[in-house]
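Reviewing the structure listed below.
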Amino acid sequence: MARYNFRAVEKKWQEIWENEEIFKTRNDFTKPKFYALVEFPYPSGEGLHVGHPRPYTALDVVARKRRLEGYNVLYPMGWDAFGLPTENYAIQTKIHPAVITERNINRFREQLKSLGFSFDWSREVNTTDPAYFKWTQWIFLKLFEKGLAYKKEMPINWCPRCKIGLANEEVVDGGCERCGHEVETKVKNQWMLKITAYAERLINDLDLVDYIERVKIQQRNWIGRSEGADVTFKIKDTEESLVVFTTRPDTLFGATYMVISPEHPVLERLKERITNLPDITAYQEQARRKSEFERSQLAREKTGVQVEGLKAINPVNGEEISIWVSDYVLMSYGTGAIMAVPGHDERDWEFAKKFGLPIIEVVAGGDVTEQAYTDTETGTMVNSGFLNGLDVQTAKAKITEWLREQGLGEPKVNYKLRDWVFSRQRYWGEPIPLVHCEKCGWVPVPEEELPVRLPQVTNYEPTDTGESPLAKIRHWVETTCPKCGGYAERETDTMPQWAGSSWYFMRYTDPHNDQALASKEALNYWLPVDWYNGGMEHTTLHLLYSRFWHKFLYDLGIVPGPEPYSKRTSHGMILGENNEKMSKSRGNVVNPDDVVAEYGADTMRLYEMFIGDFEKSVPWSTDGVRGCKRFLDRVWKLMEVVKPGDAYSPELEAKMHQTIKKVSQDYEGLKFNTAIAALMTLLNEINHVGSINEAEIKAFLILLNPVAPHITEEMWEKLGFEGMLNEQSWPTWDEEKTIEQTIEIGVQINGKVRGTITVNINDPQEAAKEKVMANEAIQKALDGKTIVKEIYVPGRIYNIVVK
RNA sequence: GCCGGGGUGGCGGAAUGGCAGACGCUACGGACUUAAAAUCCGUUGGGCUACGCGCCCGUGAGGGUUCGAGUCCCUCCCCCGGCACCA
C-alpha cells in the first residue's frame, strides 16, 4: 500500500469539486434548504491567519453533513473589503485601494481554496464592488426616506497630529492607534441611523431566535432597557422646567437637589438669570476638553458647580432645591438632567457629601449617613407623605400613577443604546448617496443613478479640517440638484465598514441580481440564515446592526421574517504556542499555508476541530497537529484490512451505532473535539479487532468526511465504492443497537469502588447481586460488616452501604 | 463596581448525580534499523507497598445535601471576556 500522498490527493479532489461544480448551490426551491453562514473576512495584507479557518471548518462540517442528509445547502464566502488598513496602505504607497483590495482578495481566496472548503464560489460577494454597494446605498436611501437617517452634531475622536478622525476601534487607551498621540473630541456634523427606534424589537425578538445565551445577554445589556418615569421639575420664577428620567420615582421625596449635564441647553436659555455664569462657563469648558479617556479615568472623584440664581421645585412637596452642573450626568442618556436622591443613590450620595448637600432618608433599612441605601427589595418608605409605609415596588406604582394624574410625569422606558454614527471622513468606503442643495436641503441621488462611485484620485491624504479626502475632489463634489436642477454638492462622508456587512447574507441568496438586492423568491426561500457562526467581538456591533437593517427591510416587505439569523454560535480564539494572542510583534504567528504544505489540508482541518472546546480560546500546538496527521495515516492504512460485508460485524456493531450517534450529535452541538475522539476510539477498536468490513468502512468514511473531505473521497474511490462520497447518505443509528448487552460496572462499598462485575444489561438485581457476592475483593471488603442498604442502577453501579 | 464564562494530570481537554482523567499530545521503556527518522507495542494523576496483591489522597478553598458530588446548594479565592458615573 502506497503511503498517503496528501499533496496529490488534495489537489486532485479540489480540482474535481471545482470542475464538476459539486458544491455549487442551485436555487432549486423545491428541496429543503439549509443556509450556513460564517462571517466574511476583511482581506488584509497579512493573508489568512490560522484563526480564520476555525469557524469556517466548523460550519463546513455542518454544511457537508447537511448535504449528505439531502438538504439544498447554501454555504457562501465573500469579502468585507472596505476598511482602514487598506486606506492607510494606499496613503503610504500611492497604490489605489481597489488594486490593493483585489490583490489581497486573490491571496485570501487561494488560501481558502487550499483548505478545501465547500463554499459556492460562484456566489462570492465583495462589499467594494460597485454592483454590490449600489444596494448598500439603496438601503441607505430607504432609511433616509423613512426618516431613519439624520444629520446631527456629534463628537468624534480626533487626532491632532495625524489630522484625522478616528473610529472608536482605532483609539487605543485614549491614544491614536497610528501615532500614539492623545485623542481629542471634536464636534462634527454626522450622519446618524436611528437604531434606537428599533431598540424594543431588538430586545424582544431575541426570544424568537436560538442564540447562545452569552450573545443574548450581551445584546440585552448593550441595549440596556430600563423602566422608570419622566418627572417634570419647574424652575422657580421661569416658564422653564427640567424633565428628568428616573428608575426610582418612589424616592422623589428624597430628591434634595438636581444635577444637569454641562451640555444641557437650559444653561444657554436661562443664562441671563444665572449669577455665576463665568464659573459655569469655565466648568463647561473644562468638561469639553476632557477626553473620553480622562473622563473614565477620573470617574471616581466628583466635580461640579452650583448654578446660582436658579432653583427647582420638587413637584411632590413644593420644596425649593438647588441645581448643579456636573459631568457625571451625561447628555447622551435620558434627558441630560437628574433628580439627585443622595440617600439612595451612590453617585448622588458621593456628590452630596462632597458639596455638603442635604441627605434625606426615604427608604428605611440602611443608614444614609454612612452610605446610600439602594436595596429595593426590603426597604419601607418613610418621610414620603402619602407613600409612607409602602414597600418600594408598591410606592413606585403609586407615585407613577399620581404623577400622571397631576400631569407632572409619566412612565418611561429608556435605553443605553445610542443611535449609530454612520459617517466616516474617509475615502475607502461607500459614498453616502446624497447631495446638498442650498434650496432643497439634503436630496437623495435618484435610484437609477446608483451606485455613486468613488472618484479616481491619486492622493488619499486626509484634509486639515477633518473632512473626508473626497471634499477636495471638487469635480466630484460639485453637481446639480436632482430636484431643482440648481447647484448642489455631494455628501463627502462615506459609510462605516459595518454598512456592507449589515446585509451581505441577503446578497448571497442571489448575488448577481441587478434589479434588486436579491430576488423576492431567493430571499423567501433562503432566509433566515439557519446557522450563523461568528466572533463574540461582533455581538454588539455587527450582529445588532445587521438585525436592525434586516428588521427595517422586513418592515418594507423585502425580507420574509423579522429576524435574519435563526441560530447564532461563537468560536474561541486560537492563540500562539506560548498561550498569547497571535501577532506579528509577538512572533508567534502560525501561517496556515505552512501547515497545509507540511501536513495537508485535512490534517489542518482535523486539528482545528480537535484542538479543544470550540467555544473557548486555545493555544496552537505543533505536536497536536502531528497527532492528527498520524490519525489520518492510520485511517489510510485501514484499506489494507478491508473485508467484504454489507452489514456491520457482530464485533463492531454496537460500537458502530454508538459512534454514528455520538458523531452525528456532536457535530450539531459544536463538540467537534469529542466527535473526532469517538472516531479515534473506533479506529483503535478496529485495529484491535484487526479488520473492518465494507459496510463499516463506508460509514466510517462518511462520518469523517465533513472534517477530512479529501482523504475520505480518495479512499472511497480506491476501495471501488460506487459514485463519489459526497453523493452518499449520512448513516443512521439504531438506538437499541447502541446498547452493549454485557457491560462491566463498578461495585461500591459505601461509595468507594471496591471491584467490578460483568453483567447483562437486563440482569435483575438478584442476578447482579449473585455476581457481586461471588467477587473475591468484595467478599473481603464486606467481611465483618453488616449490609444496611443496596442500590443497583442497571448499567451504572452497584452500591452497598455497610456498617 | 456590574454582567457573563471558567478553575480537572506535564499540556489541550473528556465525563445524563453512578468506576474521574475518554481522545490526543508530551515523556519514558521496548520492537524494527548499522544508525537515525518514521512506524508499531507498552507505561504515563500523586503517594505508600509484604511493587502484577492491595491501600490512601486527588477535579481552586471551606462547608452542606446524597447510598454516591467534578457535576446540586451556601460562603470565599483566583483567571478570562464584556460594560463601565446609564440616573
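Here is how names work: the chains are called A, B, and so on, in the same order as the sequence lines, proteins then strands, and each is numbered from 1.
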A:I749 and its side chain to side chain contact (heavy atoms under 4.5 Å, CB included) partner, picked from A:N799, A:I800, A:I787, A:V801: A:I800
Parallel, tilted or perpendicular, as decided by the 30° and 60° cut-offs, for the rings of A:W498 and A:H538: perpendicular
Whether A:F672 and A:F614 hold their rings parallel, tilted or perpendicular, with breakpoints at 30° and 60°: perpendicular
Who pairs with B:C51 - Watson-Crick or G-U, where each distance is under 3.5 Å: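 None - no nucleotide pairs with B:C51, as no candidate has both distances under 3.5 Å.
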G-U wobble or Watson-Crick pairing nucleotide for B:U65 (cut-off 3.5 Å, both distances): none
N-glycosidic conformation, B:C51 - syn within 90 degrees of 0, else anti: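 You should classify B:C51 as syn.
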Chi class for B:G9: syn within 90° of 0, otherwise anti: syn
Which nucleotide sits closest to the side chain of [X]: [options]?
| X | options | value |
| --- | --- | --- |
| A:R796 | B:G18, B:C55, B:C85 | B:G18 |
| A:I797 | B:C67, B:C23, B:G18 | B:G18 |
| A:Y328 | B:C85, B:G24, B:U39 | B:C85 |
| A:N673 | B:G13, B:G68, B:U16 | B:G13 |
| A:T246 | B:G24, B:C57, B:A87 | B:A87 |
| A:V618 | B:C23, B:G12, B:C67 | B:G12 |
| A:T247 | B:G12, B:U26, B:A87 | B:A87 |
| A:N799 | B:A87, B:G68, B:C25 | B:G68 |
| A:K637 | B:C23, B:U39, B:A87 | B:U39 |
| A:T674 | B:G24, B:A14, B:U26 | B:A14 |

Please state how far atom [atom1] in [X] lies from atom [atom2] in [N], giving the value in whole angstrom units.
| X | N | atom1 | atom2 | value |
| --- | --- | --- | --- | --- |
| A:Q658 | B:A14 | CD | P | 20 Å |
| A:L683 | B:C40 | CG | C1' | 14 Å |
| A:M609 | B:G13 | CE | C1' | 15 Å |
| A:L242 | B:A87 | CG | C1' | 14 Å |
| A:R225 | B:A87 | CZ | C1' | 16 Å |
| A:F614 | B:A14 | CZ | C1' | 18 Å |
| A:N579 | B:C80 | CG | C1' | 11 Å |
| A:W636 | B:C40 | CH2 | C1' | 20 Å |

Is any side-chain N or O of [X] closer than 4.0 Å to OP1 or OP2 of [N]?
| X | N | answer |
| --- | --- | --- |
| A:K752 | B:C57 | yes |
| A:S621 | B:G24 | no |
| A:R630 | B:U39 | yes |
| A:R626 | B:G24 | no |

Classify the nucleic acid contact of [X] as base, sugar-phosphate or nothing, counting any heavy atom under 4.0 Å across all strands shown.
| X | answer |
| --- | --- |
| A:G627 | sugar-phosphate |
| A:I791 | base |
| A:S332 | nothing |
| A:R220 | nothing |
| A:T540 | nothing |
| A:R634 | sugar-phosphate |
| A:I611 | sugar-phosphate |
| A:N414 | nothing |

Say we look at [N] and [M]: how far apart would their [atom1] atoms be, to the nearest angstrom?
| N | M | atom1 | result |
| --- | --- | --- | --- |
| B:C74 | B:U65 | P | 15 Å |
| B:C19 | B:U59 | P | 16 Å |
| B:U71 | B:G9 | P | 15 Å |

Given RNA chain B, 5'-ward residue of the pair A:P619 and A:A337, judged by closest heavy atom: A:P619
RNA chain B: 5'-proximal contact among A:E744 and A:D345 (nearest heavy atom): A:E744
Donor-acceptor side-chain pairing of A:T196 and A:D419 below 3.5 angstrom: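 Yes, A:D419 and A:T196 have a side-chain donor paired with an acceptor closer than 3.5 Å.
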A:F351 ring center within less than 6.0 Å of A:Y257 ring center: yes
A:E410 bridged to A:K412 by N-O distance under 4.0 Å: no
Ring-face cation of A:K629 near A:Y599 (centre distance under 6.0 Å, axis angle within 45°):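 No, cation not above the ring by the 6.0 Å, 45° rule.
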Close side-chain approach of A:T303 and A:D327, heavy atoms under 4.5 Å: yes
